[in-house]
Amino acid sequence: MQARLGDVVAALGGELHGDGGLVIEAIAPLARAGGREISFLAQPQLLPQLAQSRAGCVIVRPEHRGQALERGAAIVTADPYLYFARLTQWWATRARAPTPLGIHASAVIEPGAFVHPEASVGAQAFVGARARVGRGAIIAAQVFVGADAEIGEHSRLAPRVVFEHGCRLGARGIVQAGAVIGGEGFGFAPDAGRWVKIEQLGAVRIGDDVEIGANTCIDRGALDDTVIEDGVKLDNLIQIGHNCHIGAHTAMAGCTGVAGSTRIGAHCTAGGSAMILGHLEIADHVHISAATVVSHSIRKPGHYSGFFPIDENAAWEKNAATLRQLHALRERVRALEKKS
Amino acid sequence: MQARLGDVVAALGGELHGDGGLVIEAIAPLARAGGREISFLAQPQLLPQLAQSRAGCVIVRPEHRGQALERGAAIVTADPYLYFARLTQWWATRARAPTPLGIHASAVIEPGAFVHPEASVGAQAFVGARARVGRGAIIAAQVFVGADAEIGEHSRLAPRVVFEHGCRLGARGIVQAGAVIGGEGFGFAPDAGRWVKIEQLGAVRIGDDVEIGANTCIDRGALDDTVIEDGVKLDNLIQIGHNCHIGAHTAMAGCTGVAGSTRIGAHCTAGGSAMILGHLEIADHVHISAATVVSHSIRKPGHYSGFFPIDENAAWEKNAATLRQLHALRERVRALEKKS
Amino acid sequence: MQARLGDVVAALGGELHGDGGLVIEAIAPLARAGGREISFLAQPQLLPQLAQSRAGCVIVRPEHRGQALERGAAIVTADPYLYFARLTQWWATRARAPTPLGIHASAVIEPGAFVHPEASVGAQAFVGARARVGRGAIIAAQVFVGADAEIGEHSRLAPRVVFEHGCRLGARGIVQAGAVIGGEGFGFAPDAGRWVKIEQLGAVRIGDDVEIGANTCIDRGALDDTVIEDGVKLDNLIQIGHNCHIGAHTAMAGCTGVAGSTRIGAHCTAGGSAMILGHLEIADHVHISAATVVSHSIRKPGHYSGFFPIDENAAWEKNAATLRQLHALRERVRALEKKS
């Protein structure tokens with residue numbers, strides 16, 4: 001694809017310095033961008049790269065305007081990273097072939113399903129009875145949409161998503177390949193050493209502008225629905241148990257698990273491989289580090305962590321062995337204190 | 001759906017107090033149940049909710065009969081949670097449309113496969129050569145059943161399950177969407193810095209009444225089979241390595257990993273994100289906490305744990321840094337003890 | 001299947017002692033192998049099993065030749081485990097029905113796609129526009145290959161793999177069922193409490209002889225490609241973030257996560273459930289234990305670990321509580337040292 005700088009600024013704003021007719025062919029990091037590429041300076045620590053960059057144009061903050069202009073064309077904007085994000089969207093929209101509207105001949109559409117005439121259903125996809133696919137929605141090849149499910153306007157399901165019966169996705173959502181929305185929650189009653197299944201009679205209700213990663217699973221509720229609020233972003237291979245409630249604009253990195261019936265506030269984040277136990281309440285604006293186990297409710301916004309620090313194996317072995325005696329060690333210190 | 005209390009008790013037993021003709025339309029938690037909903041009191045700590053509940057009927061233990069009757073209809077039974085589980089099953093059977101028997105026109109059935117006339121094979125499903133699908137089994141849309149595989153009577157594979165060649169599932173099993181049963185185990189021999197694949201010549205053998213979660217993976221064995229015994233319940237996104245043996249009625253929560261050739265006993269449980277290393281033996285009735293790493297065999301029933309406690313980030317940083325000096329700290333305490 | 005010992009040695013080499021006409025019907029572990037089975041002795045600690053084994057033939061190192069011959073036929077070779085690996089390959093090639101070449105009638109092949117006449121595309125598979133499937137490649141049933149993707153010669157995609165647009169797989173690769181290659185990386189710019197998507201304009205580039213496990217996810221890069229070098233082996237349920245670079249012949253066990261933009265060297269290993277944070281550099285020949293969190297770059301080859309040791313729950317609770325006071329405990333020791 002090709003675009004002129006003038007077109008970029010006409011679409012996305014910002015203060016252009018340099019030739020609006022300059023043609024760019026790609027977006028690239030500062031370090032490797034060439035004369036027909038556009039780059040951006042978001043992190044102050046990359047400032048030394050700016051002078052050396054061969055980028056045809058750089059997107060910078062007002063305070064870097066001077067240094068940027070010494071080397072060539074620039075777009076000045078308050079938040080270059082945000083500008084870059086919007087540029088990738090503008091770029092992708094122009095670079096990618098539009099998805100053909102309509103229903104592929106190999107798709108199976110069950111009786112009573114409604115697919116908006118301006119939606120797209122790909123090859124070998126399945127849309128169950130009475131399901132609704134909204135205007136502008138894209139159901140990729142091999143997707144499964146269960147009976148009575150709803151896919152909101154302009155939402156997109158990547159290949160091979162399973163979106164089970166009765167679940168709902170709002171507008172402008174994205175579900176990456178292989179995700180399973182609405183599998184049956186893990187609920188059993190013990191009965192003399194055996195497990196008796198609790199049928200999961202709820203569903204999954206997802207707000208607008210939500211993104212769900214590849215092979216991530218969100219279980220349907222037992223009685224009530226599992227709820228994912230507007231703007232939530234979930235990475236790949238995440239497990240959300242039944243009856244969880246994830247607050248708006250919360251983001252979680254890959255491999256994280258949230259056990260059942262936990263309620264997470266809005267604007268939270270969780271690093272990769274975090275594990276949040278069940279039946280907890282997490283306040284708004286709580287940030288959990290990677291690989292941290294949340295074992296009790298958190299009422300106060302803040303940054304919480306807990307993982308064993310990595311070390312050379314021999315050192316770790318010694319420290320881990322001592323850790324198993326830590327309580328006794330404290331008693332020994334206490335005894336010394338009494339004596340001294 | 002609608003049901004009369006009398007019908008519930010006729011089907012599931014229990015001692016009915018109140019009008020058997022009362023119609024209920026849903027099952028709901030005590031706190032939000034209304035007059036046309038049935039609820040249950042399983043946890044004593046929820047007892048204060050009982051008096052305030054507006055539920056049309058509550059399921060209670062004998063010791064709560066008096067308090068329950070003060071507020072309206074009740075079903076008295078020894079184990080309300082178990083009764084609730086059975087009620088969800090009864091409810092689901094009546095509420096859900098029955099799966100149509102027979103083979104969908106878009107399914108592909110390979111030569112020599114046997115599908116029982118009272119089984120169901122959904123749209124775009126694939127049943128490999130010589131595979132067997134038993135009476136009452138449900139193969140949902142887009143499922144893959146490999147050659148020579150066997151699906152037992154009344155078992156159900158959710159959409160997009162992959163059940164590879166030669167693997168066997170017993171009766172009344174449930175496999176949630178996206179699970180992969182019988183992928184090739186992770187086995188390689190080192191050869192001068194490269195890895196030489198060990199073909200996995202075994203399969204996966206699963207007993208009766210097993211449930212397997214969404215996107216969970218159970219690898220086929222290298223020479224012998226990987227074995228999952230009767231009544232095992234596995235949540236979502238679990239990894240079971242090749243040649244594992246999981247004992248009867250063991251249950252594991254989501255994101256747990258079990259490395260190859262480990263043998264886990266019967267009636268065990270593992271919390272979410274636990275990691276059980278390979279070539280270990282775990283006795284019956286062992287309970288592993290969430291996020292705990294099992295690094296050696298466990299011969300004694302009991303409850304085992306091991307994860308770093310969560311803390312405010314600044315406190316964790318200090319403690320984690322000190323932890324890397326823990327062995328040295330113990331030596332310092334020892335030195336003080338000698339002196340004192 | 002049946003094979004004569006003479007044929008095995010003719011194909012794979014080694015020094016045969018015993019009757020080349022002896023027929024074997026399976027490969028089995030020493031402990032349970034019978035007279036028509038072949039076994040191997042790779043780990044010295046299994047030597048006591050050798051004398052008792054009823055195996056028809058055993059594969060042994062030169063130093064065990066004497067003991068092996070006392071009990072029957074043997075193949076002597078420098079590395080029995082490697083010989084075993086090659087034997088499984090030889091065995092599998094002969095035992096398994098060859099995959100039929102050509103394109104199944106139910107597959108969908110988009111315009112401009114090229115499928116080599118000596119490749120195989122299974123039932124209900126999808127091959128996108130301009131994609132290329134090389135000679136000898138096997139695309140199993142229900143696989144999705146996106147537009148402009150490339151599958152190298154003799155590579156094999158198991159059922160229901162999603163291999164997204166523009167990604168490339170080299171020769172002799174294996175991708176297990178349910179893996180998602182080329183999902184969109186997890187990239188967002190914050191904007192006043194909301195997340196603005198960064199479109200992922202890169203792809204995934206995979207070398208030769210790579211194996212990728214079931215339901216594993218490898219995200220496409222934001223601007224550059226995510227790169228997996230030759231000979232890498234990834235187990236099931238692994239997450240590789242966008243813009244990672246995994247060096248040649250590195251192997252990772254199941255449930256491991258690698259966050260975005262991390263560069264891992266060649267010949268590394270990671271145990272199951274390891275978590276490697278983003279934007280790090282890991283040298284060649286680094287070995288990470290299971291469940292270890294890599295939170296900073298590692299410049300030196302070696303073996304690194306860090307997980308909380310498992311204990312009986314009551315002991316763990318005490319030690320974990322004390323751990324939250326560890327820094328204070330060190331200060332108390334310091335105070336005692338000053339006094340003494």
Side-chain angles (χ1 to χ4, degrees), chain B residues 108 124 126 142 144 146 160 162 164 178 180 183-184 186 188-191 193-199 201 215 217 219 222-224 237 239 241 255 257 259 273 275 277 289 292-296 302-309 311 315 318-319 321-323 325-326 329 332-333 336 339-340, chain C residues 27-29 79 81-82 84-86 88-89 91-92 95 97 104 106 123-124 141-142 158-160 174 176-178 209 211 213-215 231 233 235-237 249 251 253-255 267 271-273 290-291 307-313 316-317 320-321 323-324 326-327 329-330 333 336-337 340:
Chain B
V108 170
Q124 302 157 331
F126 177 93
Q142 302 178 340
F144 175 91
R160 236 193 53 205
V162 171
E164 297 258 24
V180 176
E184 294 167 11
F186 196 63
F188 303 91
D191 179 24
R194 291 159 181 272
W195 300 103
V196 175
K197 182 174 177 73
I198 297 167
E199 290 286 342
L201 304 171
N215 281 344
C217 300
D219 277 348
L223 296 177
D224 297 318
L237 290 166
Q239 154 69 357
C255 305
S273 285
M275 172 71 214
L277 301 191
S289 290
T292 293
V293 181
V294 182
S295 53
H296 53 74
H303 180 191
Y304 298 85
S305 304
F307 62 82
F308 203 106
D311 210 338
K318 276 189 188 177
N319 290 322
T322 311
L323 180 51
Q325 316 294 335
L326 183 59
L329 187 68
R332 286 160 61 185
V333 171
L336 285 166
K339 269 199 205 171
S340 80
Chain C
I27 313 171
D79 186 343
Y81 195 58
L82 180 58
F84 158 65
R86 296 215 163 103
T88 61
Q89 293 184 11
W91 197 271
H104 194 280
S106 61
Q124 303 157 330
Q142 303 178 340
R160 238 192 52 205
I174 299 174
Q176 301 289 343
D209 301 299
E211 181 158 345
N215 281 344
K233 310 295 179 188
D235 198 356
N236 299 346
L237 290 166
H249 309 295
C255 306
H267 302 287
S273 285
F307 61 82
F308 202 106
I310 187 172
D311 210 339
E312 293 189 13
N313 184 67
W316 166 76
E317 278 191 352
L323 179 51
R324 295 188 60 188
L326 183 59
H327 185 71
L329 187 68
R330 191 180 67 168
V333 171
L336 285 166
E337 286 169 335
S340 78

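Protein chains get the first letters and strands the later ones, always in sequence-line order, with residue 1 at the start of each.
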Quick one: are Q142(C) and F126(B) in side-chain contact, heavy atoms under 4.5 Å? yes

Taking atom CG of D311(B) and atom CG of L326(C), what is their separation to the nearest 0.5 Å? 11.5 Å

Taking side chain as C-beta onward, heavy atoms only, is L323(B) less than 4.5 Å from F308(C)? no

Which residue out of V293(B), V294(B), V196(B) racks up the most heavy-atom pairs below 4.5 Å with chain C? V293(B)

Please name all residues satisfying side-chain hydrogen bond (donor to acceptor under 3.5 Å, both in side chains) with S289(B), sequence neighbours left out, ordered by chain then number. H303(B), S305(B)

Taking every heavy atom of G178(B) against every heavy atom of N215(C), the minimum-distance pair comes out as O-ND2, 3.2 Å

Non-hydrogen atoms of G257(B) and C255(C) that approach each other most closely: CA-SG, 4.3 Å

Scored by heavy-atom pairs under 4.5 Å with chain C, the best of N319(B), L201(B), V108(B), T292(B) is N319(B)

Is there a donor-acceptor pair closer than 3.5 Å between any side-chain N or O of Q124(C) and the backbone N or O of Q124(B)? yes

Considering all heavy atoms of both residues, which atom of F186(B) and which atom of D235(C) are nearest to each other, and what is their separation? CE1-N, 3.4 Å

Measure the shortest side-chain to side-chain distance between F307(B) and W316(C) over non-hydrogen atoms and say whether it is less than 4.5 angstrom. yes

Mark yes or no for whether W195(B), through its side chain, and H249(C), through its backbone, hold a donor-acceptor pair below 3.5 Å. yes

S273(C) vs Q239(B) side-chain heavy atoms within contact, under 4.5 Å: no

Count the heavy atoms belonging to other residues, nucleotides or ligands that lie under 6.0 Å from CZ of R332(B), then report whether that count exceeds 12. yes

Just to verify, what does K197(B) make a salt bridge (charged side-chain N to carboxylate O under 4.0 Å, His left out) with, not counting sequence neighbours? E184(B), E211(C)

pair L336(C)-V333(B): side-chain heavy atoms closer than 4.5 Å: no

Please classify the contact of L237(B) with chain C as side chain, backbone, both or neither, using a heavy-atom distance under 4.5 Å. both

Residue part contacting chain B, namely of Q176(C), when any heavy atom lies under 4.5 Å: side chain

Between Y304(B) and N313(C), does the side-chain contact (heavy atoms from CB on, under 4.5 Å) criterion hold? Intermediate values first, please. CA-CA 5 Å; Y304(B) 298 85; N313(C) 184 67; over 6 Å; no

Determine the minimum heavy-atom distance between P309(B) and A320(C), stating which atoms define it. CG-O, 3.5 Å

Give, as side chain, backbone, both or neither, the part of K339(B) having an atom under 4.5 angstrom from any heavy atom of chain C. side chain

Is it the side chain or the backbone of Q89(C) that comes within 4.5 Å of chain B heavy atoms, both, or neither? both

Is any side-chain heavy atom of V180(B) closer than 4.5 Å to a side-chain heavy atom of N236(C)? no

Euclidean distance, T88(C) OG1 relative to L223(B) CG, rounded to 0.5 Å: 8.0 Å

Measure the NE2-OG1 distance between H327(C) and T322(B) for me, rounded to the nearest 0.5 Å. 5.5 Å

Between L82(C) and P190(B), what is the shortest heavy-atom contact and its length? CD1-O, 4.3 Å

Contact part of A28(C) toward chain B, heavy-atom cut-off under 4.5 Å: side chain, backbone, both or neither? backbone

Which of H267(C), R324(C), E337(C), R330(C) touches chain B most, by non-hydrogen pairs under 4.5 Å: R324(C)

By a 4.5 Å heavy-atom criterion (distance strictly below it), what part of D209(C) contacts chain B: side chain, backbone, both, or neither? neither

Go through the atoms of P159(C) and report whether side chain, backbone, both or neither lie under 4.5 Å from a heavy atom of chain B. both

